[in-house]
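Some notes on the structure that comes next.
Keep in mind that this is a model prediction, so the values were computed, not measured.
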Amino acid sequence: MRTVALSGTDRAGEHGSREALVRFFLSNPPTPGQAIDHFVYHDSAVYLLVAKDARRPKPAAVAAPHRTVVLIYRYTHGDVEEIGRASGSAPVTLSRQPDPRHQILPIKSSLGDTVSLSWQPSSPSEAVWPRLVGIAALTSIIALIALGIVWLVIRRLARDEIRDQESSRRLAGQDALSGLPNRLSFSMRLEQELARGQRTGEGLAVLFLDIDRFKDINDIYGHAIGDNVIRIVAQRLSDLLRGADTLARLGGDEFAIIQTGVSAHHDAEALSRRILDAMKKPIEMGDTIVSVGASIGIVLSPQNSTDRETLLRLAETALYQAKNGGRNRFSFVERQMDEALRLRKVVEDDLRKAIENDELVLHYQPQVEIDNYTVVAVEALVRWPHPVHGMIAPEKFITVAEERGLIIALGEWVLRRACTDAMRWPGVRIAINVSAIQFRHRDFVSDVMRIITDCGIDPTRVELELTESVVVKDADAAEEAMIELRAHGVRLALDDFGTGYSSLIYLRRFAFDKIKIDRSFLEAAETTGESAILIHSIVHLGRALGLTVTAEGVETHEQLEFLRALGCHELQGYLFSKPVTAEEIDVILAQPGTLEERATLVKKVARGSKSAP
């Protein structure tokens, strides 16, 4: 056993410093009511005797690893106060008779003496308040920092939003490819210029410009080259305009110009000629050289109109006229062309609805056997009774239907209605015209057979009339479809025979059942003229190939006799009947001899007009 004396005055050497006592006391604090082994209170100091097991963690003051040590502590008032300060508690005192209001830690001795450590306890608010103040201050600082960050973020977002809105407004009125104003901006600008013109009396011209055959450029060179062509054309056009003029790209290869300060046609004509000259120059892009042209439609204000929508529509009309006139040219608007365009717009808007709502009708024109005037077939001809524009002829809407992707639906409607009506006329074939687009559709044969089956009609009574354009583009596919149709019993007729340059070639290759002589030959036919020679050749060729020969456009008795002499099999034309409704076909078929009587009547009328003075 070894005795070590520790004191607050460093009597025990380097391990007995006051700091060591404080650390030891704090790491081994007595609990309230705990009795220290022995102590002596003398001269305002307390001497404590404590026995410790050296096998437990020992204080820093013990250096020797002996089994048991005896430590003698000497505490003074200063040491006790320092302990209180070090522990963060209220001031601590050492006394025999402590204040009863204080917190007391009695130290009892086996010698019968008592001394106590005492301190005044702090209230919870006093203990917590400094911490709350510190926390509040820290929270305030954090809140201020957070608010600052939020303000910065909001300001940045607001600035970005403003920039995005400005960019969106700019892009909404700008064509992304060319950098020019787009259709929306052009319309707004035109509205402004028209309003200014009404105040100042100054005129303007609207020019619509289309790059000729731009689709071919994309197909041949690729869309990247096509995009570069658009940019170069935009730059060339910009170089030709004044600062007060407006150039816009409406979309695709379409551009539009507002030319201000126009007093007469020659002002717009001069600009159009400069544009055509500039467009003729080849466009060089590396090893690629592209040649382009342009078609221009022109409308003037106030001469043609002062309304924005009307001017745009008339400019489109003029452009359409320029393109139909041969391209690479300009054209001023003409009123009759505007009416045609207006009708075209009606067709585009209303035709789909008319098909879906079953608003179309079929008229039928009889085809008669030349010897006895018996009706052997009727050709179905579609008509459109428009609720506003009256009866619209097929030549005015069939082309639009092909361009707008409606021809498949239209063709199916015609075939189904014709087959349904034909069930009323046993023994009479039903002839139906087929467009090239419809025939080349991959499901054409299956669609035809499905409709024929649904209607319950004998396929041998269905006769599809094809033109050369139907088979000329893809002869192999056309031949395959025709073979399949004939295998099902459907008859095939070559319509408008003699108008194409390769009819004989296709007659040899394709298995047609009938050829129809185009009406244009009969209109100019004389018994000794060139048309008569051609008709004679066609009839004899058809008969030699075992085909039925039908002549269209028969209107006079002389034509009938001429065709009878040549050996033509069937006739169709106004001499017998114009296209009529299904109900009128019912009447004609119910009265045998009606068509012969009509033909005879026409013959009598013709003879009477010749004998009249």
Side-chain angles (χ1 to χ4, degrees), residues 363-381 422 424-432 458 460-465 489 491-498 507 512-529 531-580 584-608 610:
H363 286 181
Y364 299 92
Q365 188 171 29
Q367 297 175 359
V368 301
E369 204 277 329
I370 196 169
D371 291 330
N372 53 23
Y373 306 110
T374 301
V375 177
V376 293
V378 290
E379 180 180 358
L381 302 168
R424 300 153 58 172
W425 312 315
V428 177
R429 298 190 307 273
I430 185 76
I432 302 154
D458 183 356
T460 60
R461 292 180 56 203
V462 178
E463 187 172 273
L464 302 182
E465 296 189 358
R491 291 172 54 89
L492 300 173
L494 181 58
D495 198 10
D496 300 336
F497 183 78
L507 275 183
F512 288 101
D513 298 284
K514 176 194 285 189
I515 55 175
K516 297 184 71 176
I517 302 174
D518 187 67
R519 68 179 64 249
S520 61
F521 291 101
L522 283 178
E523 290 174 354
E526 297 178 1
T527 55
T528 59
S531 294
I533 296 174
L534 288 173
I535 295 173
H536 184 277
S537 300
I538 293 172
V539 172
H540 281 270
L541 175 64
R543 295 180 66 91
L545 293 175
L547 305 177
T548 301
V549 181
T550 301
E552 292 182 297
V554 181
E555 298 182 359
T556 67
H557 200 271
E558 287 77 8
Q559 291 174 339
L560 184 152
E561 295 299 334
F562 172 66
L563 293 168
R564 191 199 305 273
L566 293 178
C568 190
H569 299 99
E570 298 173 357
L571 305 176
Q572 177 181 347
Y574 277 33
L575 178 64
F576 305 102
S577 174
K578 65 179 182 180
V580 295
E584 291 176 278
I585 294 293
D586 292 339
V587 175
I588 291 174
L589 295 177
Q591 299 176 358
T594 300
L595 298 184
E596 183 177 6
E597 292 175 0
R598 289 186 182 182
T600 302
L601 179 62
V602 170
K603 180 179 179 180
K604 291 180 179 180
V605 171
R607 287 179 177 176
K610 289 181 181 179

Identify the two heavy atoms, one from [X] and one from [Y], that lie closest to each other, and give their separation to 0.1 Å.
X	Y	value
V539	C568	CG1-N, 3.8 Å
F512	L547	O-CD2, 2.9 Å
E465	D495	OE1-OD2, 3.6 Å

Heavy-atom donor-acceptor pair, [X] side chain to [Y] backbone, under 3.5 Å:
X	Y	answer
H569	T550	no
R461	A422	yes
R424	D586	no

With side chains defined as the heavy atoms from C-beta onward, is the minimum distance between [X] and [Y] less than 4.5 Å?
X	Y	result
V587	V580	no
L560	F576	yes
E463	D513	no
V376	E570	yes
L563	I535	yes

In terms of side-chain heavy atoms, does Q365 have a donor or acceptor partner in E379 at a distance below 3.5 Å?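 Looking only at side-chain atoms, E379 and Q365 do not form any donor-acceptor pair under 3.5 Å.
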
